[in-house]
Amino acid sequence: MAKDWLKENKYQYVEVLLDDDSERQAFYDNHKIASRTVPQVFNNNRLIGGYTELIMSELSVRFDMLQEDF
Ligand SMILES: N[C@@H](CCC(=O)N[C@@H](CS)C(=O)NCC(=O)O)C(=O)O
């Protein structure tokens with residue numbers, strides 16, 4: 001869903017596959033990610049979160065832009 005959303009909204013992304021359990025655990029630990037789910041979306045090396053947080057962050061930016069128009 002996150003990949004589809006990024007494509008639809010014309011964002012470029014790099015996918016890091018974490019199918020291997022130990023690699024995935026190491027990734028969570030190295031990035032201090034408390035959640036143990038995928039996807040984990042980063043923007044400029046900064047963790048946004050999962051799909052839900054990705055959508056929420058976009059909505060937040062759009063909402064701020066709307067506010068600036070008033
Ligand atoms: N709220 C998260 C949910 C992510 C989620 O549930 N991902 C599933 C795979 S699609 C997962 O990692 N399940 C493994 C688990 O819950 O341990 C989001 O929006 O990204």
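Along the sequence shown, residues carry numbers from 1. Counting starts at 1 for both ligands and their atoms, in listed order.
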Please assess L18 against Q40 for the test side chain to side chain contact (heavy atoms under 4.5 Å, CB included), listing each intermediate value before the final yes or no.
CA-CA 10 Å; L18 296 169; Q40 294 297 327; over 6 Å; no
Can you list every pair that meets salt bridge (charged side-chain N to carboxylate O under 4.0 Å, His left out) and has a residue in residues 26-39, with sequence neighbours left out?
D29-R36
Can you list everything that forms a ring pair (Phe, Tyr, Trp, His ring centres under 6.0 Å) with Y13? Sequence neighbours excluded, please.
none
In terms of hydrophobic clusters joined by side-chain contacts under 4.5 Å, are F27 and L17 together?
no
Could you pull out every donor-acceptor pair under 3.5 Å between side chains of residues 43-57 and any protein atom, sequence neighbours left out?
from : atom 1 : to  : atom 2 : distance (Å)
E53  : OE1    : G50 : N      : 2.7
S57  : OG     : L54 : O      : 3.0

Measuring from M1:CE to L6:CG, what's the distance to the nearest 0.5 Å?
11.5 Å
Quick one, list the residues around ligand 1 where some non-hydrogen atom comes in under 4.0 Å, by chain and residue number.
R36, T37, V38, P39, G50, Y51, T52
